[in-house]
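Within every chain, numbering begins at 1; the chains are lettered A, B, ... in the order of the sequence lines, protein sequences first and strands thereafter.
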Protein chains: 2
Amino acid sequence: MKWLALAGGVGGAKLALGLSKTLPPSQLTIVVNTGDDEVFHGLHVSPDVDTVMYTLAGLSNPETGWGITGETFQALGRLKEYGADAWFNLGDKDLATHIRRTDLLRQGCSLSEVTQSLRSALGVEHPIVPMSDDPVRTMLSTDIGELAMQTWFVKHRCEPAVSEIRFAGAEHAQPAPEFERALSESDALVFCPSNPFVSVAPILAVPGVRDAIEGFNGLRLAVSPIVGGQAIKGPAAKMMGELGIESSCVGVAKQYQGLCDVFVLDDVDGDRAGDIEALGMRAAVTNTMMITDADKVRLAEYICELAA
Amino acid sequence: MKWLALAGGVGGAKLALGLSKTLPPSQLTIVVNTGDDEVFHGLHVSPDVDTVMYTLAGLSNPETGWGITGETFQALGRLKEYGADAWFNLGDKDLATHIRRTDLLRQGCSLSEVTQSLRSALGVEHPIVPMSDDPVRTMLSTDIGELAMQTWFVKHRCEPAVSEIRFAGAEHAQPAPEFERALSESDALVFCPSNPFVSVAPILAVPGVRDAIEGFNGLRLAVSPIVGGQAIKGPAAKMMGELGIESSCVGVAKQYQGLCDVFVLDDVDGDRAGDIEALGMRAAVTNTMMITDADKVRLAEYICELAA
């Protein structure tokens, strides 16, 4: 049975890790948001792709949620001395990823090809696929003006209130070839517990993707990133409040109406199962907290059993 | 009295340091060879410019002769894992220089402007000027084919025998604006003890430079990089043998005929003073060895006194 997982951010990477420990590489394709991609110091950075890649490679820093464990920051310190705008933390090992990616892109490789080369070199056997090889940029309208995702998220620490989100360039983008293949060939699809507005929505904004998921030939599941009204990590709950959307698993589920058959919510939200079912989805209630790797595998196994 | 120093490589950087401790920034312009420049991993590396810059900033590694003291190599290790061709040693701090340079060049700055920005940020007050803002690449014909300078020097450890040297792109290059200004405004000019064939010759290959030095309106001096028939550092002596040129201070002096008024040679070569004078230059004999910073200042002071 072939699975397609859609992911972005730390929550997505956690479930992707669980799935990768549950399913062989031939049965799992992980498609990742690239709306957060940004050029820093002339280098192409793909934050969500790297978070998934480093997580599956066992390199990710569990304390920060970004970057590589045991990282050093010699180059960044010097870049600051040189007057570079260095608010985005880039460690020395992490920089190698961006240098190599930028160099391969410059040589004519697609982002998909680059990602495959990088993850293979790190020993990751499961396919990690950027949602598109074309540039799509998540732009947030805020009370201090329009900001690119990382500028809002890192430089402004998610503080400016968000009123609107657009995905610049999406209209000209195509799904990555391996994403298109997985959409047509997979037997099950899971929306990982990622921010629906800035991690999953950019993926859905790529032309053809929403239609393909609406007509998907298999079971479609989603896992709520909101538990007890709060985001496990990140600004999803704050953002939902600002966008006038109920900050709850039900508010998330509404984003997936028509795209999802089974909605997985946490035990603490069990009383909302009826509201989920009223949206036309089956509600599946379990412990969705992923603290340890065992938690991640347990949730992945639970999801696989739902589709079995 | 305004000085123009022409430099390349470690010997050039040593005398440039001595001169910078002897002359104020308003009285010294250091023009550096860029024929060794190379793109590694998509990043523009200027080895000779950086050696001079790091030396004047007090950052250079005296043990290796290249790079920064106390350097780490986290990024390079990861680049190797990614399958990059990583024979050129690039430390993490050093990488920041190349990342910043490449980013500023991409933004439209000239190599001169970039160099000024970098050296100023490192606290270097003396002007360091690339010989040209245009690409000139030193190419060596060898017994294993034509090699770019760094490929021959670092990757092949100077082993392939050199039969011919050309400076690709030189015909389309212009001297950097500050180099042109210094050529017309300086009262004295010194060829630092750099390799005449791969450090100084590329500078002379930039159209207009040789003519300007032939007609230079002031004293022109050169310091021999060959002492007792050996290069203090680097492949100059080996290269001279392969090119059929006498590997001695006299062989060096012949390269500067018509371009130099006073040739400084080491005490150990004092018996060759007559041969130097026969070439139409005044021979100045002194201790040219630059081990300590005091040695570098002493030689710089000696040179300044020759012109006084």
Side-chain angles (χ1 to χ4, degrees), chain A residues 38-46 50 53-54 57-59 61 67-86 88-109 113-124, chain B residues 38-46 50 53-54 57-59 61 67-86 88-109 113-124:
Chain A
E38 189 69 79
V39 173
F40 293 109
H41 319 295
L43 303 175
H44 185 116
V45 179
S46 292
D50 290 343
M53 183 172 78
Y54 293 155
L59 295 172
N61 186 335
I68 294 175
T69 192
E71 185 63 284
T72 54
F73 293 88
Q74 297 292 321
L76 194 74
R78 184 52 54 93
L79 279 167
K80 284 179 186 166
E81 267 188 70
Y82 284 145
D85 196 17
F88 194 83
N89 269 314
L90 295 167
D92 296 318
K93 290 181 185 173
D94 191 30
L95 263 175
T97 303
H98 316 313
I99 291 170
R100 182 68 174 159
R101 173 183 292 122
T102 306
D103 196 26
L104 291 174
L105 288 172
R106 193 184 50 82
Q107 289 173 31
C109 294
E113 290 165 340
V114 172
T115 305
Q116 187 181 331
S117 166
L118 296 175
R119 63 99 180 149
S120 297
L122 294 179
V124 176
Chain B
E38 189 68 80
V39 172
F40 293 108
H41 318 295
L43 303 174
H44 185 115
V45 179
S46 291
D50 290 342
M53 183 171 79
Y54 293 156
L59 296 172
N61 186 335
I68 294 175
T69 191
E71 186 61 287
T72 54
F73 294 87
Q74 297 291 321
L76 194 74
R78 183 53 52 92
L79 279 167
K80 284 179 186 166
E81 267 187 71
Y82 285 145
D85 195 15
F88 194 82
N89 268 313
L90 295 166
D92 297 318
K93 289 180 184 174
D94 190 31
L95 262 175
T97 303
H98 316 313
I99 291 170
R100 183 69 173 159
R101 174 184 291 121
T102 306
D103 196 25
L104 291 173
L105 287 172
R106 193 184 50 82
Q107 289 173 31
C109 293
E113 290 165 340
V114 172
T115 305
Q116 186 181 331
S117 166
L118 296 175
R119 64 98 179 148
S120 297
L122 294 179
V124 175

Name the region of [X], side chain, backbone, both or neither, that has any atom closer than 4.5 Å to a heavy atom of chain B.
{"X": "A:Leu79", "result": "both"}
{"X": "A:Leu105", "result": "neither"}
{"X": "A:Thr72", "result": "side chain"}
{"X": "A:Leu43", "result": "side chain"}
{"X": "A:Arg100", "result": "both"}
{"X": "A:Ile68", "result": "side chain"}

Requested in this report: Determine the option with the most heavy-atom pairs under 4.5 angstrom with chain A, choosing from B:Asp103, B:Leu76, B:Asp94.
Outcome: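 Looking at each of B:Asp103, B:Leu76, B:Asp94 in turn, B:Asp103 comes out on top.
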Query raised in the report: Among B:Arg106, B:Arg78, B:Glu81, which residue forms the greatest number of heavy-atom pairs with chain A at distances under 4.5 Å?
Result: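 Looking at each of B:Arg106, B:Arg78, B:Glu81 in turn, B:Arg78 comes out on top.
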Query raised in the report: At a heavy-atom separation under 4.5 Å, does B:Leu59 approach chain A through its side chain, its backbone, both, or neither?
Result: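 The side chain, not the backbone.
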Requested in this report: Give, as side chain, backbone, both or neither, the part of B:Ile99 having an atom under 4.5 angstrom from any heavy atom of chain A.
Outcome: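 Contact with chain A is through both the backbone and side chain of B:Ile99.
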Query raised in the report: Are the side chain of A:Ser117 and the backbone N or O of A:Glu113 linked by a donor-acceptor pair below 3.5 Å?
Result: no
Query raised in the report: Just by distance, do the side chain of B:Glu71 and the backbone of B:Lys93 share a donor-acceptor pair under 3.5 Å?
Result: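 Checking the backbone N and O of B:Lys93 against the side chain of B:Glu71, a donor-acceptor pair under 3.5 Å is found.
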Report task. Measure the shortest side-chain to side-chain distance between B:Arg119 and B:Leu122 over non-hydrogen atoms and say whether it is less than 4.5 angstrom. Result ->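 SC-SC contact between B:Arg119 and B:Leu122 ruled out.
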Report task. Go through the steps for A:Gln74 and B:Leu95 under the test side-chain contact (heavy atoms from CB on, under 4.5 Å), then give the verdict. Result -> CA-CA 9 Å; A:Gln74 297 292 321; B:Leu95 262 175; over 6 Å; no
List the atom of [X], the atom of [Y], and the distance in Å for their closest heavy-atom pair.
{"X": "B:Lys80", "Y": "B:Ala86", "result": "CG-CB, 3.4 Å"}
{"X": "A:Asp85", "Y": "A:His41", "result": "O-CE1, 3.7 Å"}
{"X": "A:Ala75", "Y": "A:Asp92", "result": "N-OD1, 2.9 Å"}

Report task. Pick whichever of A:Gly91, A:Ser120, A:Ala84 has the most heavy-atom pairs under 4.5 Å with chain B. Result -> A:Ala84
Requested in this report: Would you tell me whether B:Thr97 and A:Tyr82 have side-chain atoms, one donor and one acceptor, within less than 3.5 Å of each other?
Outcome: yes
